[in-house]
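Order of the sequence lines sets the chain letters (A, B, ...), proteins ahead of strands, with each chain counted from 1.
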Protein chains: 2
Amino acid sequence: MKKRQQPSSIDVAHHAGVSQSAVSRTFSGRSVSEETRRKVLRAADELGYRPNALLRVITQQSNLIGVVMGEITNPFYPEVLEAFLVALEERGYRVMLKHLNGAKDADAAIEEVLAYKVRGIIVTSSYLGPEIAERCAKSDVPVVLFNRLIHGVDVSAISCDNVDAGRMVANLFMDCGFSRPAFISGSLAASSNLDRKKGFFDRLAERGGREPVVFGDEHSYEVGARAAADLLAQPERPDCIFCASDVLAFGAMDTLRAAGCLVPEHVSIVGFDDIPMAAWGAFNLTTLRQPRRRMVKEAVEILLSRIDGSSAKPVRLVPAELVMRGTLKAMA
Amino acid sequence: MKKRQQPSSIDVAHHAGVSQSAVSRTFSGRSVSEETRRKVLRAADELGYRPNALLRVITQQSNLIGVVMGEITNPFYPEVLEAFLVALEERGYRVMLKHLNGAKDADAAIEEVLAYKVRGIIVTSSYLGPEIAERCAKSDVPVVLFNRLIHGVDVSAISCDNVDAGRMVANLFMDCGFSRPAFISGSLAASSNLDRKKGFFDRLAERGGREPVVFGDEHSYEVGARAAADLLAQPERPDCIFCASDVLAFGAMDTLRAAGCLVPEHVSIVGFDDIPMAAWGAFNLTTLRQPRRRMVKEAVEILLSRIDGSSAKPVRLVPAELVMRGTLKAMA
DNA sequence: ATGAAAGCGCTAACAT
DNA sequence: ATGTTAGCGCTTTCAT
């Protein structure tokens, strides 16, 4: 005799000799006599009963949040994911995590998550096309874009002020008196990279700097390494490199150093993100910190306020912070 | 006039002028005339209807898998998490991700996940007490432990063969003729670290080596750095260090190098995990690879076979693989 | 405080 | 092929 099936509240009711509603009330913490509660809990324990949390989706509202995330293995994102999990769980939400492979299945992923009647969605993929954003905007469930701006579409978003950050780096390089800038980029399909590039290039131009050479296409160590190799092959070596992410910078630094090109003596490097590794002795990277705790906090706030009925769809920009470390040659 | 509420299949049925079952059939892909299907899809589109995937938990079985994960920010785990997501989603499951803060709330986390009627659970926290494992064993929903062995409890588990890996390192050190071994450990509350230590110590003893000094208590860069500092303060410096994880090794290496102690000239280092960063130029770390794709694959296989009714609760050990890189001084 | 009964959105079994 | 009906496990009236 095997008792596979999970017991229902009715089973518990019978076992305890009370009504099914008594069981329900006991577990939803409403008025029951101590007597009844005892009987119910005892029966539940004996039967191994556990109320089905998913069914709240029928009578009440779901407490699921969909988190759609690409680039999980870019060290910036585990930090972000953890922060989201903590913040969301703290407030009684549970997360359904959906992995994204580049932009291709983003559309399907959103649909998928919506099918589970999530209460809200957070999308952290940088590679989101406007069609998908459009779908998010149309959806009746609130969506917040993390680190992805889509202009002209009515979606909430939170992002670091990438344009301004790019400008900060340009100013820094000009102030240091550098004259041969380079930019190692992430994918220009992502607004974040485009914006960093834009701020960097524009400010450089404004201040009479030269237009940087640019390499790279994705946030990875390997791409950074290859870009640096390409840079070394140029007729004229750069004296300063702005990398659109810390991982890119690590790859570049390792390649440069292996080639005998000293950082920061021969070339200065500035990264982006300030992932924990940037502070490590092996890199000691000057970088622009994305205030991720704060960004996550605000993303969650926006999402929850939308869930609570607010119809505002704010787009919030938080400033990056320059973190000075050892990869920038002191000014002359 | 706002139309907040999400439409139900009944709404669609009315709108399309068909029965509710026609709607259900259309979306569950069963026999409907082309005519009906068209009408239904059209109505659904107009109303923005989407079948509620959660309700399958009532009539059928849930397709949710709970993934309970600690240490998300230890770079080993994002890789693992991604692999789990891909493998599980590929097979039609969705994942509910629960974050764990050390061991303290592991119990509650499992309970929580169980409340969502997940079909199975994967636990990747190394810090699992036997009581919780006991609860997993008792639960009617299959649980697979990843990288955590609990002896004497009837739970499925998959882990790298840590004892053997420890032995491999001991052999390596002895073969190289080293005589002053050290061990930088992760938390000894985790079976993985205990086992690595055991294999290392035992084999060293068997081959007449000296008992290693040991420092450390958690897989983080900072702990590795501190342990190395402690090691340097010892009257006699070690000539070889086995670090229970790559991040520990990175911290140790940076500290040693900063103190002028050359790796591998003065001291050889072996890490554990083979996370991508271990291959980076800055570290080029000799390490023991945990074959994570394979481990994930097997974990998923075990879980799914249990879901499919198998009552076997296998404990599988997969061998670690030595990856030789530059932090081991060539043998004399 | 408790039980009976209705209903949530869907699938499945039963009719036609 | 389609509509009708009966549940699934719960929460919520509504009585008592």
Spacing of [X] atom [atom1] relative to [N] atom [atom2], expressed in whole Å:
{"X": "B:N52", "N": "C:dT11", "atom1": "CG", "atom2": "P", "value": "9 Å"}
{"X": "A:K117", "N": "C:dC8", "atom1": "NZ", "atom2": "C1'", "value": "13 Å"}
{"X": "A:L54", "N": "C:dC10", "atom1": "CG", "atom2": "P", "value": "15 Å"}
{"X": "A:I58", "N": "C:dT11", "atom1": "CD1", "atom2": "C1'", "value": "12 Å"}
{"X": "B:I10", "N": "C:dG7", "atom1": "CD1", "atom2": "C1'", "value": "10 Å"}
{"X": "A:R25", "N": "C:dG3", "atom1": "CZ", "atom2": "C1'", "value": "7 Å"}
{"X": "A:R37", "N": "C:dA1", "atom1": "CZ", "atom2": "C1'", "value": "13 Å"}
{"X": "B:Q61", "N": "C:dC10", "atom1": "CD", "atom2": "C1'", "value": "16 Å"}

Would you indicate what [X] reaches in the nucleic acid, counting non-hydrogen atoms under 4.0 angstrom: base, sugar-phosphate, or nothing?
{"X": "A:S24", "result": "base"}
{"X": "A:V23", "result": "nothing"}
{"X": "B:F27", "result": "nothing"}
{"X": "A:S21", "result": "base"}

Ring pair (Phe, Tyr, Trp, His ring centres under 6.0 Å) contacts in which one or both residues fall within residues 296-316 of chain A, not counting sequence neighbours |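 Non-adjacent pairs meeting ring pair (Phe, Tyr, Trp, His ring centres under 6.0 Å): zero.
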
Under 4.0 Å between a side-chain nitrogen and a carboxylate oxygen: does that hold for [X] and [Y]?
{"X": "B:R294", "Y": "B:E298", "result": "yes"}
{"X": "B:K98", "Y": "B:E112", "result": "no"}
{"X": "B:R42", "Y": "B:E46", "result": "yes"}

Bounds of contact between DNA chain D and chain B, in 5' to 3' order, using a heavy-atom cut-off under 4.0 Å =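 So the contact region on DNA chain D extends D:dA1 to D:dC8.
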
For B:R30 and B:L55, take the nucleotide of DNA chain C holding the closest heavy atom to each; which residue's nucleotide lies nearer the 5' end?
->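 Looking at DNA chain C, the more 5' nearest nucleotide goes with B:L55.
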
What nucleotide, of C:dT2, C:dA5, C:dC10, holds the atom closest to the side chain of A:Q20?
->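 Of the options given, the side chain of A:Q20 lies nearest C:dA5.
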
Does a distance-only test, which skips hydrogens and angles, find a donor-acceptor pair under 3.5 Å between the side chain of B:R56 and the base of C:dG9?
->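 Between C:dG9 and B:R56, which were checked side chain against base, a qualifying N/O pair under 3.5 Å is absent.
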
Candidates B:K297, B:K313, B:R316 - the one meeting side-chain contact (heavy atoms from CB on, under 4.5 Å) with B:I302 =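 When side-chain contact (heavy atoms from CB on, under 4.5 Å) is applied between B:I302 and each of B:K297, B:K313, B:R316, only B:R316 qualifies.
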
State whether the side chain of A:S191 and the backbone N or O of A:L149 hold a donor-acceptor pair below 3.5 Å, judged by distance alone.
->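 Judged by distance alone, yes, a pair lies under 3.5 Å.
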
Tell me whether the OP1 or OP2 atom of C:dT2 has a side-chain N or O from A:S19 closer than 4.0 Å.
->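 So the side-chain polar atoms of A:S19 never come under 4.0 Å of the phosphate oxygens OP1 or OP2 of C:dT2.
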
Side chains of B:K117 and B:Q61: donor-acceptor distance under 3.5 Å anywhere?
->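 No donor-acceptor contact under 3.5 Å links the two side chains.
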
